[in-house]
Structure formats: C-alpha cells, structure tokens
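Step one of this worksheet: look at the structure below.
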Amino acid sequence: MSENTVAASVAMLKVLEEWGVNHIYGYPGGSFNSTMAALADEKERLQYVQIRHEQVGAMAASADAKLTGKIGVAFGSAGPGATNLLTGLYDAREDHAPVLALVGQTGTKVMNSNFFQEFNEDPIFEDVSVYCRTVMTAESLPHVVDQAIREAYKHRGVAVVIIPNDLGYVQIPDLAYGSHGPSDDKQVPVVQPTAKEIDKFLEMVAHAKRPVFHVGRGIQDGGDAIIELSKKLQIPIVMTGLAKGHISEAYEGNLGMANRAAHKAADEIMASADLVITIGADFPFADLIYTTHPFKFVQVDNDRVELGRHHNLGFGIWADATAFVEAALAKADQVPERPFMQAAIADNKNWQEYMEAQENSEADPINPAAIYKQINRIAEDDAIFSIDVGDNIINAFRHLQVSKKQKMVISALFASMGTGLPGALAAKLSFPDRQAIQVAGDGAFSMIMQDLITERKYHLPIINVITSNKVLDFIKSEQDDVAMHRSGIDLEDQNFAKIAEGMGVESVQVTEPAELPAAFDKAVEVTKAGRPFLIDIKISPKRALPVEELQLKPEGDHYVETLNPNYNANFDVPKAKNVRDFLDSYDGQSLKTLPEFFEEYGIKL
C-alpha cells in the first residue's frame with residue numbers, strides 16, 4: 001500500500017489519461033468543483049475544453065468517438081448541467097459511439113434532503129447508457145470510471161458515472177487504479193463467412209434478375225473490394241449515408257444513397273430489385289424503402305443482433321462485411337454483362353450530369369449545390385467535414401465529395417440539429433493538423449451558435465459555412481407532402497456574419513453566386529493563419545428534387561413510373577401534373593425515368 005495519497009478526483013483523471021484521453025468537454029458548476037480542482041492539477045496532461053452549453057460538449061464527445069473510435073468524454077454538473085448532456089448522449093447511443101459522461105451530484109451529506117439542484121440522476125441516465133453508476137465511496141471513484149470506460153468500449157455506447165462532489169476531494173492512496181493494458185489495443189477478431197454461406201449467396205445471385213448491393217459503414221476499408229465484386233457479379237451498389245467516403249463515388253456502378261437524402265438512380269434501382277444484399281448496414285429507413293415491393297433479402301453483418309432487425313430474412317450471414325466480400329470475390333466467376341447493370345449505370349450517369357448542372361448553377365438566390373462545388377474545391381486531401389442535420393444532409397450526400405483519406409461526421413440515427421459545430425470542434429481537437437469544415441443551416445446553427453466563441457478561445461481554425469434561407473426547409477418539405485397549411489417553419493432572419501464578428505470571429509456574408517469563390521478563398525487564407533472563419537450564405541428556399549416521391553409499379557411485362565399521390569398535398573403549394581412535369585419543375589429537363597432506361601436496355605419483368 002502506498003504511503004502517498006492523492007485526491008480521488010485526480011486519481012480518476014489519471015485513469016482517463018491512461019486510457020489515452022487527452023481532452024474533456026464541460027462547463028463548471030458547484031457540484032462538480034472537486035473534479036474542476038483536479039482538472040487544474042492535471043492541466044499539463046489533460047486539456048479541459050470549456051464549452052458554453054453542456055449539449056455541445058456531449059455532442060463533441062460523441063463526434064470525437066465517431067471520428068477516432070476512441071472514447072469521448074464530457075461532463076455536466078448536477079441538475080440542469082446533467083440534463084443538458086442528454087441530447088448529445090442520445091446521439092452517441094444511436095450511432096454506437098463510446099462516450100463517458102461524468103455527472104455532478106450534491107455532496108453525500110445533503111443528498112436525499114431536497115438540496116439545491118439535487119435530484120435522483122440514475123433513472124434519468126439509465127435509458128441512454130450501457131452502464132450507469134453513482135459513486136458511493138472516494139476509493140471506488142477511479143475504479144468505477146475505469147469500469148465505465150470498459151463498458152462503453154464493449155457495448156459501443158454511453159457510460160455514465162455520477163459523482164457526489166465531496167468524494168472527489170477525499171485523499172486516497174496514490175496507486176495505479178486504471179486497468180488499461182496492451183491487450184486493449186488488440187484488433188477485434190474478424191468473423192469469417194463459411195464456404196457454404198458463400199456458395200448459397202452466389203446461388204441466390206445466379207437466380208436473381210435485378211440484384212442490388214446495399215452497403216453500410218461496416219464495409220470500412222473494403223470499399224475497393226465491394227467495387228470489384230460489383231463488377232464481377234454485375235450488381236449495382238447503393239450506399240447508406242454512413243458508407244459515404246468508404247466507397248468511391250467515381251465508380252459508375254455506385255448509385256449513391258437511397259431514401260430522402262438520395263440519388264435518383266439509387267431510389268429507382270432499389271424499387272426495382274428482386275434481390276437486396278445488405279452488407280454491414282444499419283438502415284433505419286427500412287420501413288420506407290424495403291417495403292415498397294417484395295424481394296429476396298440477404299443480410300451480412302458482424303453483429304448477430306442486427307440480422308433480421310429491419311426486414312424479414314431470406315438468408316442471414318454472420319460475418320465481417322469486408323471478409324464476406326473478399327471471400328465472395330475469391331469464389332465468384334465473372335458474370336456476363338447484365339442489361340440491368342447497364343441500365344443502372346446509364347440512370348446514374350444521367351443523374352450525375354443533372355447534379356453537375358446544379359453545382360454550376362448561377363441562380364439567384366444561391367443554389368445550395370453551388371456551395372458544395374466551392375467546398376469540394378478548397379477541401380484538402382485529408383479534410384474532415386461536420387455536416388449538421390437538415391437540408392444540408394441531402395445536399396452533402398449528393399454533392400460533397402468525400403475520399404477515403406477524408407472523414408465526414410453527422411448525427412445519423414438520432415439526427416439531432418446543432419451537431420455541426422460540435423463535430424468541427426472534435427475534428428480540430430482530435431486532428432489538429434487537418435482541415436475542419438462545418439456546414440449548418442440557419443435553424444441548426446442558431447441552436448448552438450454561442451459556442452462559436454469556443455473556436456476563438458482555443459484558436460481552432462475551423463471553416464464555418466452557414467446556409468441561411470429563413471425557413472426550416474427540411475420540415476417545410478415534409479409539410480408540403482401533408483394535407484395541411486405550412487405551420488411554424490418560418491425563421492426570423494439573422495446576420496450571422498455580424499454575430500460572428502461580435503464574438504471576434506472573422507466572417508463574410510454572401511448574397512450573390514459570384515461572391516462564393518472569393519469567400520471560400522478568404523476562409524482558407526484566415527484558417528491557414530490559425531483563426532476560425534465564418535461564411536454566412538443566403539440561399540434559395542427551393543426544395544431540392546425529392547426523388548423519394550417517384551414510385552415504380554409493374555404493369556404487364558414492364559415498369560411504369562408515377563408520383564407519390566401525397567406529393568405536394570399541402571394546401572399552399574401547386575401539384576405536379578405528371579412525372580415529366582415534376583422533373584422539369586426542378587430544372588430536370590435532361591432527366592429520364594428508369595422505365596426509359598429499362599426499355600433502352602431491353603429489360604422485361
């Protein structure tokens with residue numbers, strides 16, 4: 001037993017350091033002062049990042065975990081400091097990101113006495129967490145935090161430790177309390193498919209007329225392998241949003257994303273598939289996409305819990321996504337050119353030409369696609385993009401070019417607005433030598449814009465792109481497809497450039513398309529000099545082409561494409577007469593329908 005002692009809160013922080021944590025987000029409160037004192041003692045080894053709202057801290061910790069795979073850490077004091085963490089913690093839970101939340105509590109002597117800001121915090125955090133404990137003794141504090149980190153890694157989720165303030169001050173033996181060791185750095189064993197599983201999969205492909213790969217982030221480093229398998233088996237690829245950057249979108253057989261934040265070819269081809277092969281994907285919109293028509297369903301996942309979660313299984317394969325693809329590649333024979341594959345490629349090329357025209361648009365007000373042309377132009381080879389929730393998700397999925405060297409972070413399954421800036425904070429703190437670019441709409445940015453000052457305080461050279469059109473455009477589009485009047489979606493305009501200047505952040509406001517290149521050049525110049533920069537861009541509120549409204553239905557030996565009858569059911573907007581009128585209304589005169597491509601390539605049902 002050591003004769004030396006140390007404050008329990010310091011011993012706890014040393015456990016974090018042993019696990020490789022180098023920064024922690026939070027906002028002080030009286031019930032967290034014992035940990036604040038420890039942070040002052042450990043400031044040479046652990047950076048405390050003072051955010052201006054606990055929600056931002058939790059969101060940044062979640063983004064840290066998504067970007068690095070390592071545990072992110074945030075804290076809040078008792079009462080409102082604790083509850084403010086919840087949105088960011090739910091984001092981590094839904095996207096399976098390992099996060100540790102340290103939560104303050106009143107001292108043990110006044111607990112259970114209705115003391116100021118005291119409440120029972122355990123049930124509040126039980127639902128969001130994989131592990132939740134209130135520390136009972138000073139000696140157990142570092143042990144509980146160590147266990148919490150292990151649980152967060154094991155379950156890829158949120159671990160919560162509630163700390164009565166007085167316990168952190170108590171002197172305990174100065175020992176090595178952490179359990180981190182070399183074994184924790186081992187690679188997780190890869191689950192391999194069996195030869196019998198590969199044979200059955202290939203047999204199902206051989207009997208299919210219109211097979212489609214639906215690939216998620218589980219593919220990881222197997223992007224090139226899935227492209228080779230796509231070519232070999234003549235199967236087009238549709239991605240989930242989280243697979244963006246893992247599979248080259250320059251490949252003509254990669255049709256992009258399906259559902260609402262989608263590419264036209266991807267939605268159309270998915271709607272015609274007779275065999276869907278989902279690989280490493282957790283797809284929360286399955287009830288919208290997988291239920292449009294019957295098909296055979298193959299699912300490959302390294303987590304057995306996921307098998308059959310989103311659709312009735314025809315054949316489930318418990319295996320690592322890339323291991324499965326590589327095994328299938330080794331055993332598959334080259335399939336002759338499929339007319340279905342060629343039709344998919346032609347449809348995709350037609351859509352890509354349309355998107356390029358949108359990016360080159362000089363329309364006034366500014367077309368958001370033109371903004372992404374500039375982002376693609378100035379983005380460095382290893383840039384990190386943090387995209388906030390709303391229409392920017394649709395536009396980023398369609399127009400942002402993300403390479404394997406780059407990273408993109410979003411709030412995927414929880415889809416919380418206000419995650420753009422926290423994601424950029426995480427990007428710059430975890431990868432200080434890489435360019436960080438956040439994109440947010442005026443609605444989302446307004447929720448967390450106070451933490452623009454955090455960028456300035458810590459000298460974080462982040463490019464902040466704010467798209468402003470005075471409306472919650474994503475929700476407006478949803479309301480347009482409901483028999484109602486538009487309601488509650490209009491926003492009061494703000495000059496975000498002036499707000500930024502008031503915080504000491506250099507900025508520019510852009511209202512004309514011709515001003516975009518100079519604004520982004522200035523952003524690069526300022527951030528290269530080590531300072532954050534904000535571009536406030538006034539954009540068009542026009543809805544991006546809602547490809548999810550196109551519907552396919554079989555008629556005899558061919559398909560007919562129609563419009564969802566709910567499209568523009570709103571009392572305030574006009575209805576399209578037919579599919580051609582629908583496409584043309586979004587400047588899509590050059591776009592063809594999938595049945596036209598099927599006819600061109602001789603595809604019959």
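This is a predicted model, so every value here is computed, not measured. Nothing fancy with the numbering, it's 1 onward along the sequence. Because only heavy atoms are used, hydrogens play no part in the values below, and waters and symmetry mates are left out as well, while side chains stay in.
Asp64 and Ser430 share a side-chain donor-acceptor pair at under 3.5 Å. Counting only N and O atoms by type, the side chains of His310 and Asp282 include a donor and acceptor under 3.5 Å apart. Judged by distance alone, the side chains of Asn84 and Gln55 never bring a donor and an acceptor atom under 3.5 Å apart. Of the N and O atoms on the side chains of Asp127 and Tyr90, at least one donor lies less than 3.5 Å from an acceptor on the other residue. Checking Gln494 against Ser446 by side-chain atom types alone, a donor-acceptor pair falls below 3.5 Å. When only modelled atom types and interatomic distance are considered, Asn165 and Ser31 share no side-chain donor-acceptor pair under 3.5 Å. A side-chain N or O of Asn392 and one of Thr467 form a donor-acceptor pair less than 3.5 Å apart. With no hydrogens or angles considered, no side-chain donor-acceptor pair links Asp91 and Ser416 at under 3.5 Å. Between Gln171 and Thr5, the side chains place a donor N or O and an acceptor N or O closer than 3.5 Å (distance only, hydrogens not considered).
For residues 36-51, every residue pair satisfying the salt bridge (Lys or Arg N to Asp or Glu O under 4.0 Å) rule, not counting sequence neighbours, is listed here: Glu42-Arg45. Sorted by first and then second residue, the ring-ring contact (aromatic ring centres under 6.0 Å, His included) pairs with a member in residues 127-157 read Trp19-Tyr153, His143-Tyr177; sequence neighbours excluded. Judged as a salt bridge (Lys or Arg N to Asp or Glu O under 4.0 Å), the pairs with a partner in residues 430-446 (not counting sequence neighbours) are, in order, Asp382-Arg434.
For Glu126, the CD atom is densely surrounded, since the number of other residues' heavy atoms within 6.0 Å is greater than 12. Sparse packing is recorded around CG of Asp221, with 12 or fewer heavy atoms of other residues, nucleotides or ligands lying under 6.0 Å away. Counting non-hydrogen atoms of neighbouring residues, nucleotides and ligands closer than 6.0 angstrom, the NZ atom of Lys404 exceeds 12 such neighbours. Atom CE of Met136 has 12 or fewer neighbouring heavy atoms from other residues, nucleotides or ligands inside a 6.0 Å radius.
Under 4.0 Å is where a charged nitrogen must lie from a carboxylate oxygen, and between Lys154 and Glu151 no such pair does. Under a 4.0 Å N-O distance rule, the pair Arg260/Glu478 qualifies as a salt bridge. Salt-bridge annotation for Arg543 and Asp481: present, with a side-chain N of the basic residue lying under 4.0 Å from a carboxylate O of the acidic one.
Val161 is not listed as a side-chain neighbour of Phe125, based on a closest heavy-atom distance of 4.5 Å or more. Side-chain contact between Ile384 and Lys428 is absent, with no heavy atoms from C-beta onward closer than 4.5 Å. Two residues are said to be in side-chain contact when any heavy atoms from C-beta on lie closer than 4.5 Å; Arg93 and Phe414 fail this criterion. You'll find the side chain of Leu85 reaches within 4.5 Å of the side chain of Val103, heavy atoms only. The closest side-chain heavy-atom distance from Gln105 to Thr134 is not below 4.5 Å. Between Ile162 and Asp122, some side-chain heavy-atom pair lies under the 4.5 Å cut-off. For the pair Leu89/Val99, a side-chain contact is recorded, criterion being any heavy-atom separation below 4.5 Å from C-beta on. A heavy-atom distance below 4.5 Å is not found between the side chains of Ile462 and Ile437.
Within the 3.5 Å criterion, the main-chain N or O of Pro532 finds no donor-acceptor partner in the side chain of Glu455. Between the side chain of His246 and the backbone N or O of Gln220 there is at least one donor-acceptor pair closer than 3.5 Å. Panel note: side chain Thr278, backbone Ala281; no donor-acceptor pair is recorded below 3.5 Å. Although no hydrogens or angles enter the test, the distance criterion places a donor-acceptor pair under 3.5 Å between the side chain of Asn495 and the main chain of Lys498. In this structure, Lys66 contributes its side chain and Ile410 its backbone to a donor-acceptor pair below 3.5 Å. Side chain of Gln479 to backbone of Ser487: a donor-acceptor contact under 3.5 angstrom is found. Between the side chain of Glu506 and the main chain of Val526, no donor-acceptor pair closer than 3.5 Å is present. Between the side chain of Asp95 and the backbone N or O of Ala412 there is at least one donor-acceptor pair closer than 3.5 Å. In this structure, the side chain of Ser507 engages the main chain of Ala497 through a donor-acceptor pair within 3.5 Å. Judged purely by atom type and a 3.5 angstrom limit, Lys407 has no side-chain atom pairing as donor or acceptor with the backbone of Ala383.
Ile387 contributes atom CD1, which lies 9.0 Å from atom CZ of Phe397 (distance to the nearest 0.5 angstrom). In this structure, the separation between OG on Ser9 and CG on Asp166 is 11.5 Å, given to the nearest 0.5 Å. One distance of note links CG of Asp301 with CD of Gln299; it measures 6.0 Å at 0.5 Å rounding. Leu16 contributes atom CG, which lies 8.5 Å from atom CD1 of Ile71 (distance to the nearest 0.5 angstrom). In this structure, CG in Asn395 is found 9.5 Å from CD1 in Ile375, a value given to the nearest 0.5 Å. Atom NE2 of residue His53 and atom CE of residue Met59 lie 9.5 Å apart, to the nearest 0.5 angstrom.
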task = Test side-chain contact (heavy atoms from CB on, under 4.5 Å) on Lys14 and Val10 and set out the steps.
result = CA-CA 6 Å; Lys14 288 183 176 180; Val10 172; 3.9 Å; yes

task = Verify side-chain contact (heavy atoms from CB on, under 4.5 Å) between Thr454 and Arg52, making sure each step is shown before the conclusion.
result = CA-CA 7 Å; Thr454 305; Arg52 295 302 180 94; 4.3 Å; yes

query = Yes or no on side-chain contact (heavy atoms from CB on, under 4.5 Å) for Ile537 and Ile371, after CA distance, side-chain angles and deciding distance?
reply = CA-CA 9 Å; Ile537 309 174; Ile371 297 170; 3.7 Å; yes

message = Under the criterion side-chain hydrogen bond (donor to acceptor under 3.5 Å, both in side chains), I'd like the reasoning laid out for Asn22 against Glu17: C-alpha separation, chi angles, the key distance, then a yes or no.
response = CA-CA 6 Å; Asn22 57 26; Glu17 294 160 14; over 6 Å; no

ask   = Met408 and Leu400: side-chain contact (heavy atoms from CB on, under 4.5 Å), yes or no, with the steps?
value = CA-CA 10 Å; Met408 182 182 75; Leu400 184 64; 4.3 Å; yes

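Listed by chain and number, the residues in a salt bridge (charged side-chain N to carboxylate O under 4.0 Å, His left out) with Asp536 are Lys538 (sequence neighbours excluded). Residues that satisfy the salt bridge (charged side-chain N to carboxylate O under 4.0 Å, His left out) test with Arg486, not counting sequence neighbours, are Asp480. For the salt bridge (charged side-chain N to carboxylate O under 4.0 Å, His left out) test, residues two or more places apart in sequence or in another chain that qualify with Asp184 are Arg150.
Aromatic ring centres of Phe283 and His214: separated by under 6.0 Å. Between Tyr48 and Phe75, the gap from one ring centroid to the other is short of 6.0 Å.
In terms of heavy atoms, Ala523 sits closest to Ile535 at CB-CD1, 3.9 Å. Shown here for Gly69 and Pro98, the closest heavy-atom pair between the two residues is O-CG, 4.0 Å. Of all heavy-atom pairs spanning Gly88 and Ala58, the tightest one is CA-CB, 3.7 Å.
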